[in-house]
Amino acid sequence: MSSPGSVLVVGGGPAGVTAALQASELGARVTLLEAGQVGGTSLNRGPAPVRTLARAARLARDWSSWAVFGLDGPRPVANLPVMLANTDRVARYAHDKKDLAGQLRRHGIDLVEQLGPAGFTDPHTVAVAGTGSWSADRIILAVGGHAARLPIPGAGLGLTYEDIPALTVLPDRVAVVGGADTGCQIASILQDLGAAVAVFEAGPVLIPAADATVSAEFCRAFRAQGVHVLTGTRVEALRRDGAGIQVDYRSGDQRGQLEVGAVFFAVGWPASLDALNPEVAGVVTEPGWIPVDDYLRTNVGHIFAAGDVNGRSMLVQTARMEGRLAATNAILGPSRQASYDVVPSGSFTDPEYGRVGLTEAEAARQHDVAVGIAYYDDLLRPVADGRSDGFCKLIADRREHTILGAH
């Protein structure tokens, strides 16, 4: 076998860290470049902090069930600065416990952090202005993505989930634009903390990627909690109105306005390509992502893309899988294809939801399906816990007796 040579990984999130470790284990000389702190969105600004804030929100909401259990007491008051400080504590703990930087360097990886954005200067070289340049035989792009905003008038007045740590007070009224996973998480957390929340979703249902039964029940539960859900509705403009913001929206032929204290966009997660200069390396891009083949190669044979940047699956678990496969294929040649058949995912919402495998609609297209639903109000434990809403839905192949999906 020829020498593994050198590998340059651009981006230190889950995909980049996994790719760097895998390439090192396969004997390559590895350099990992990270614009900020290693760990990426998932550790610094994503699941770890959001999960911590969601836990605080759930504790606040549990107050509403105290009376059922014979407990009396005033409603908890959200101290936002203290809650956000706790999310920082958890993120720092995760960094200290995992010691990603130390782990990478102990594996012989040349880790360079806090660089700022890097960009191609030729097909084998990436540089950071005023800092330096790095070249390698093969390059793995794992630069991740960023929260998008709608291209509408006044979009600059809106926030994204990345702005939550900068809040100093909880807005009384909030609009969330986008009803997929991230939007519903923001809406659920803020609603549980006492804000009045409206969710605008352009499509016909909330969390459209979920099984239809989950989407319908989640929307019902949201509305029962007082969340104002507007599906089939497009936000057309944001306008400053005194100390607040006016949301102009349209649903079919009907137009409306809503006055809120803050607007959060959750309308997509395009790849962070602005500074990368992929065209200099000859890498073809699409708006918001870099196309790859089944081996995670770009159109340039020695350049691979893993994680959010390739637009395939915006999940930590698939990012790690892709990072491992990209490094393996970069060093050993294209031999292992990425598979997304069994990818579990869940939410930090109230109610929570989770899924793995095919939805009922997806399964029915290729299988003779049998569907079973166990409702939680038939079980003693959920009733005793005061959380009897919900269900577990299994989808099976009627002839093969195999589970195709669980929701």
Side-chain angles (χ1 to χ4, degrees), residues 50 53-54 56-58 60-61 64 75 78 80 83 147-164 166-210 214-269 347-353 389:
V50 171
L53 196 58
R58 174 62 60 87
R61 181 164 185 80
S64 63
R75 181 184 183 118
L80 191 60
M83 284 191 290
R149 287 175 167 81
L150 288 180
I152 59 174
L157 298 174
L159 308 172
T160 72
Y161 91 93
E162 295 175 314
D163 297 305
I164 290 177
L167 293 177
T168 56
V169 295
L170 183 70
D172 291 335
R173 294 168 298 160
V174 176
V176 177
V177 184
D181 293 326
T182 299
C184 287
Q185 288 175 24
I186 295 171
S188 184
I189 290 170
L190 295 178
Q191 174 80 11
D192 284 353
L193 292 178
V197 178
V199 178
F200 295 87
E201 167 55 41
V205 298
L206 294 183
I207 48 173
V214 173
S215 293
E217 179 61 17
F218 185 85
C219 186
R220 184 206 64 78
F222 247 25
R223 284 175 168 146
Q225 292 174 12
V227 178
H228 187 32
V229 178
L230 299 97
T231 54
T233 304
R234 295 185 177 276
V235 172
E236 297 187 322
L238 304 181
R239 308 176 193 279
R240 178 65 69 187
D241 184 11
I245 299 172
Q246 177 179 295
V247 181
D248 295 341
Y249 62 90
R250 177 171 57 84
S251 180
D253 295 330
Q254 302 297 313
R255 296 180 182 273
Q257 292 83 36
L258 183 68
E259 303 293 334
V260 296
V263 177
F264 286 88
F265 285 117
V267 292
W269 191 255
S347 76
F348 309 132
T349 53
D350 181 11
E352 297 172 337
Y353 59 92
D389 286 347

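The model shown is predicted, which means the values in this text are computed figures rather than measured ones.
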Check your understanding: Tell me the salt bridge (charged side-chain N to carboxylate O under 4.0 Å, His left out) pairs involving residues 175-198, sequence neighbours left out?
Key -> Arg61-Asp192, Asp181-Arg355
Check your understanding: Can you name the nearest heavy-atom pair linking Ile245 to Ala262, along with the distance?
Key -> CD1-CA, 4.4 Å
Practice item. Could you tell me the separation between the SG atom of Cys184 and the CD atom of Gln191, rounded to the nearest 0.5 Å? Key: 12.0 Å
Review point. Rounded to the nearest 0.5 Å, what separation is found between the CE atom of Met83 and the CG atom of Leu170?
Key: 7.0 Å
**Study point:** Distance, nearest 0.5 Å, that separates CD of Gln254 from CG of Leu230
**Key:** 12.5 Å
Review point. What are the two closest non-hydrogen atoms of Leu193 and Ala60, and how far apart are they?
Key: CD2-CB, 4.3 Å
Revision key, fill the gap. Contacts of Asp172 meeting salt bridge (Lys or Arg N to Asp or Glu O under 4.0 Å) (sequence neighbours excluded), chain-then-number -> none
**Study point:** Which residues share a salt bridge (Lys or Arg N to Asp or Glu O under 4.0 Å) with Arg220, sequence neighbours left out
**Key:** Glu217, Asp389
Practice item. Write down the atom of Ala198, the atom of Leu258, and the distance for their closest heavy-atom approach. Key: CB-CD2, 3.7 Å
Practice item. State whether the side chain of Ser215 and the backbone N or O of Leu206 hold a donor-acceptor pair below 3.5 Å, judged by distance alone. Key: yes
Revision key, fill the gap. Residue set satisfying side chain to side chain contact (heavy atoms under 4.5 Å, CB included) with Ala237, at least two apart, ordered chain then number -> Pro153, Arg239, Asp248
Review point. If you round to the nearest 0.5 Å, how far is CZ of Phe264 from CG of Leu159?
Key: 5.0 Å
Exercise for review: Taking side-chain hydrogen bond (donor to acceptor under 3.5 Å, both in side chains) as the test, write out the residues that go with Gln257, two or more places apart.
Suggested key: none
Exercise for review: Measure the CG-CD1 distance between Leu53 and Ile189 for me, rounded to the nearest 0.5 Å.
Suggested key: 4.5 Å
Check your understanding: Do any N or O atoms from the side chain of Ser188 and from the backbone of Ile186 form a donor-acceptor pair under 3.5 angstrom?
Key -> no
Point to revise | Those residues that, when tested against Arg240, pass salt bridge (Lys or Arg N to Asp or Glu O under 4.0 Å) (two or more places apart) | key: none
Exercise for review: Run the salt-bridge test on Arg149 and Asp163 with the 4.0 Å N-O cut-off and return the result as yes or no.
Suggested key: yes
Point to revise | Residue list, side-chain hydrogen bond (donor to acceptor under 3.5 Å, both in side chains) with Ser347, at least two apart or on another chain | key: Thr349
Exercise for review: Could you tell me which non-hydrogen atom of Gly194 sits nearest to which non-hydrogen atom of Arg75, and how far apart they are?
Suggested key: CA-NH2, 4.1 Å
Practice item. Locate the shortest heavy-atom distance separating Ala195 from Pro171; write the atom from each residue and the value. Key: CB-O, 3.3 Å
Point to revise | Sequence-distant partners of Phe222, ring pair (Phe, Tyr, Trp, His ring centres under 6.0 Å), two or more places apart | key: Phe218
Practice item. Return each pair, listed once, that meets salt bridge (charged side-chain N to carboxylate O under 4.0 Å, His left out) where at least one residue sits in residues 222-233; pairs must be two or more places apart or across chains. Key: none
Check your understanding: Listed by chain and number, what are the ring pair (Phe, Tyr, Trp, His ring centres under 6.0 Å) partners of Phe200, not counting sequence neighbours?
Key -> Tyr249
Practice item. Determine, stepwise, if the pair Val247 / Val260 fulfils side-chain contact (heavy atoms from CB on, under 4.5 Å). Key: CA-CA 8 Å; Val247 181; Val260 296; 4.0 Å; yes
Practice item. Before giving the answer on side-chain contact (heavy atoms from CB on, under 4.5 Å), spell out for Leu238 and Val177 the whole-Å C-alpha distance, their side-chain angles and the decisive distance to 0.1 Å. Key: CA-CA 11 Å; Leu238 304 181; Val177 184; 5.6 Å; no
Exercise for review: Output yes when a side-chain donor or acceptor of Arg250 lies under 3.5 Å from a complementary backbone atom of Glu236, and no otherwise.
Suggested key: no
Study note, to complete from the structure: So ring-ring contact (aromatic ring centres under 6.0 Å, His included) across residues 167-194, not counting sequence neighbours, yields none
Check your understanding: Between Gln185 (side chain) and Tyr161 (backbone), is there a donor-acceptor pair under 3.5 Å?
Key -> no
Point to revise | Arg234: salt bridge (Lys or Arg N to Asp or Glu O under 4.0 Å) partners, not counting sequence neighbours | key: none
